[in-house]
K.L.:
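Quick one: structure below, then a few questions.
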Amino acid sequence: MQHEPTSPPMISVRGMSKLFGEFVALDRIDFDVSRGEKIVVLGPSGSGKSTLIRTLNRIEPHDSGTLTIDGKLINDKTDPIQLRCMVGMVFQNYNLFPHLSVLDNCILAPMRVRRMSRIEATTLARRYLNQVGIPDQADKYPIQLSGGQQQRVAIARALCMQPEVMLFDEPTAALDPEAIVGVVSIMDELSEQGITTVCVTHEMAFSRRIADRIIFMDQGKIVEITPPEIFFTSPKSDRAQNFLNQMLRY
Amino acid sequence: MTSFFFRLPLMQRFRPVAALAGVLFATAGLHGLAHAEQPPSFVHDGTLTICTNPTLPPMTFVKGQDVSHPEGYDIDVAQALANRWNARLSVVTMDFTGLFPSLSAQRCGLVMSGIIRMPSREKSFDAVTYQDTALVVVGRKGTPSLTSMDELSGKNVAVESGTSYITRLGVVNDALVAAGKPPMIIQQYPTEEQVVQQVLIGRVFAFVSQDVELFYRMRQLKDKLHVLITPDIPDYRHFAIYLRQNPQDLTALQSAVTALETDGNLQALRTKWSVTDPSTGNEAPSTTSSAMFDWAAFFSALTSTAFLHGALITLSVALISHFIAITLSVPIAIVLNSPQRSVLKIVLEGYVSLFRAAPTLLQLLFIWNAVPQFFPIFREQWFTPFLATILALSINESAYQVEINRAALSAVDPGQELGASALGLSRRDIYWRVIFPQAFRIALPPTINEFINLLKITSLASVISLQELLAVTQIQVARTFAFTEYYAAALVYYLVMVFFFLFLQKRVERRFAWSDRKKVVSNAA
Ligand SMILES: Nc1ncnc2c1ncn2[C@@H]1O[C@H](COP(=O)(O)OP(=O)(O)OP(=O)(O)O)[C@@H](O)[C@H]1O
Ligand SMILES: [Mg+2]
């Protein structure tokens, strides 16, 4: 991916830490993400991947350091609603609203937060449902859908807020290989549209396929940030090498 | 005098609420004015309020369908007193056990309810005799008469609870035990007609009552009853009007009663209600009571305005109380479910535990009878039994509802809140659009259960004189003695109300198809 070196980073993190009581979940994190870039966060369980991306939309507020998104400093004075309009998130277990139809899941936030009319919101929602490949499920309830379909609804729902950054927490965890291919193509489209993505995953092939750069974490620290072709062939750190060996063994 | 004429229309305008009491207007004619005296202090704002339990014919009872307008000898005497003092008469009806607490709480100026003059009661209240009577022990026709109270040894005897007969029978029992004989077995019932019914159905050997009332029952029940013995107990020879202790008021009432006696007023009323004569009939509705179910009586009860009105009160008390309870309980549940500890949380926890633990009946009695002693505003006219019941039941029910709501709210996946806030929804929208709709489905069945419970619990409010369905039934039974038919009619009303809400629950639950995969699929197919 070509990025104009002059364009300011979409996400900029400097010395960011997050504590749960005494426990240091994130330890002085530094990284930048360019506009439209696709970042994959890898690392062993408990290393702080989910915590990291949750700090990016302030679902978990960070304790020290700075976080800048699109040039704006994010702290406790930031309007959380504005921030979340800009940064969308898809959860591992989707968190769809079971009492609302697929369409209503998608139009709730645009109507209530962005103050769109029902017709506008519906048009938008149908466009994104179409983009994620489930145009004909709009009137069903989440419980009637397969896991892969629910995942796509969750993506469409987040996209309906027209965010500039999308955060994914293990989007492929519950999916079969065919469905994973679907998610890959959705992510490609997002980046074509200039949307920045940060994605936590355990899926090696998936990360290699989509990532522009890989952030490898361990024990709340970033161990290395490398392009996938280097990370998967010759990682700089021993910790990453061990991690890869273990992953490849299974 | 001029001030009286000036004040009356004003008062009528500001006192439109007569829900609790039949307000009988004093006919302030020339006769009344001629006798006008300085009214005693228990006459407030030109109104004499009396408390009565209208289940004791011919002293105080409900003759027609309108339970808020008791009639009888006591009511007429009260009217005559009101006339003397140029006052309007207001009659508050309630359970017998509520009479004296209400007098203490200044809900009424006088208790006039065919109550015996007893030294023990005069420790707390003043009393003025207005009618002679005698204690009688009554059994079924055909039971041989007794020569002494001792012959009741070991037998079942029914009395009205809250009355002084219980203490008196205790004295007899003590004597029996002292003499080595088994005591009487005393059964207490809340209303007089239930006491009589125990003898009629043969559950007890005898009941204890006053001759005055017995004359009336004898006519009503034709020849089913029979006086077994009239023991010579001096304590039980007079009916009295009770008032709060106050020497001036006592003198005023005493002289008013004496005046009514001298001018022949009381004698005329005695004749009117045949208080002293067992033979002459005073339109006592005689019952055709037989073992058969009287369908006509059942249908007339079912379609009577009294029952309809009682049912409406029951329904509206339950609906309003539950609405308030739910409104209170949702924010309380949210605070209690939050992880932080706070003073507010501790206070609310105390509130919930207290009102879950205290019996509902006690809460009703407390609000009606105890609270006014500390906050006089609660003995004013606007604080009707209807409001008092709603207050008590709302508080009580909110405590239960908090527990239902807490369970329902914590049953909603925390990921829902996370997902909603990641979409930028406001706190308000997160609750109203995402969490409440899901919690509502979980809370609905237990909430409907609570409502049905509440609908039935309203019957407790008869102790504070709320004329709800069961109170109306009791009063109507006292009038007609048609136990089976009136109970059945009340049952029909309760069943119809409950089934309606169960039906409503089913209808609402159908809209929760989203929670059940099988249902959605079959609906879609
Ligand atoms: N709310 C919390 N309170 C206390 N500790 C927490 C909380 N959330 C996360 N942690 C801890 O922070 C650490 C990092 O958690 P996190 O969920 O970010 O890990 P992860 O890298 O996403 O792991 P996984 O791959 O298993 O999802 C873990 O040790 C976890 O126990
Ligand atoms: Mg995680």
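Throughout, protein chains are lettered first and strands after them, A, B, ... in sequence-line order, and every chain is numbered starting at 1.
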K.L.:
Quick one: CD1 on A/Ile81 to OG on B/Ser426, what's the gap to the nearest 0.5 Å?
P.N.:
5.5 Å
K.L.:
Is chain B contacted by the side chain of A/Leu83, its backbone, both, or neither, given a heavy-atom distance below 4.5 Å?
P.N.:
neither
K.L.:
Measuring heavy-atom distances to chain B, does A/Val87 have an atom under 4.5 Å in its side chain, in its backbone, in both, or in neither?
P.N.:
backbone
K.L.:
Heavy-atom pairs under 4.5 Å with chain B: which of A/Asn93, A/Leu96, A/Leu100 has the most?
P.N.:
A/Leu96
K.L.:
Can you measure from CZ (A/Phe97) to CG (B/Leu423) and round to the nearest 0.5 angstrom?
P.N.:
5.0 Å
K.L.:
Hey, is CZ on A/Phe20 packed in by over 12 heavy atoms from elsewhere, all under 6.0 Å?
P.N.:
yes
K.L.:
So which of A/Met89, A/Arg58, A/Arg112 has the largest heavy-atom pair count under 4.5 angstrom toward chain B?
P.N.:
A/Arg112
K.L.:
Counting only heavy atoms not in B/Ile346, do more than 12 sit closer than 6.0 Å to its CD1 atom?
P.N.:
yes
K.L.:
How many angstroms lie between CE in A/Met111 and CG in B/Asp429, if you round to the nearest 0.5 Å?
P.N.:
10.5 Å
K.L.:
Give, for atom CD of B/Glu417 and atom CD1 of A/Ile59, the distance between the pair rounded to the nearest 0.5 Å.
P.N.:
10.0 Å
K.L.:
Looking at residues at least two apart in the chain, or sitting in another chain, which of them share a side-chain contact (heavy atoms from CB on, under 4.5 Å) with A/Gln162?
P.N.:
A/Met116, A/Leu124, A/Arg127, A/Tyr128
K.L.:
Could you please spell out the steps behind the side chain to side chain contact (heavy atoms under 4.5 Å, CB included) verdict for B/Leu418 and A/Phe91?
P.N.:
CA-CA 9 Å; B/Leu418 217 55; A/Phe91 294 86; 3.8 Å; yes
K.L.:
So what's closer than 4.5 Å to chain B heavy atoms on A/Pro98: side chain, backbone, both or neither?
P.N.:
both
K.L.:
With a 3.5 Å distance limit and no angle check, can you tell me whether A/His99 reaches the backbone of B/Ile435 through a side-chain donor-acceptor pair?
P.N.:
no
K.L.:
For B/Gln416, is there any backbone N or O sitting under 3.5 Å from a side-chain donor or acceptor partner on A/Asn95?
P.N.:
no
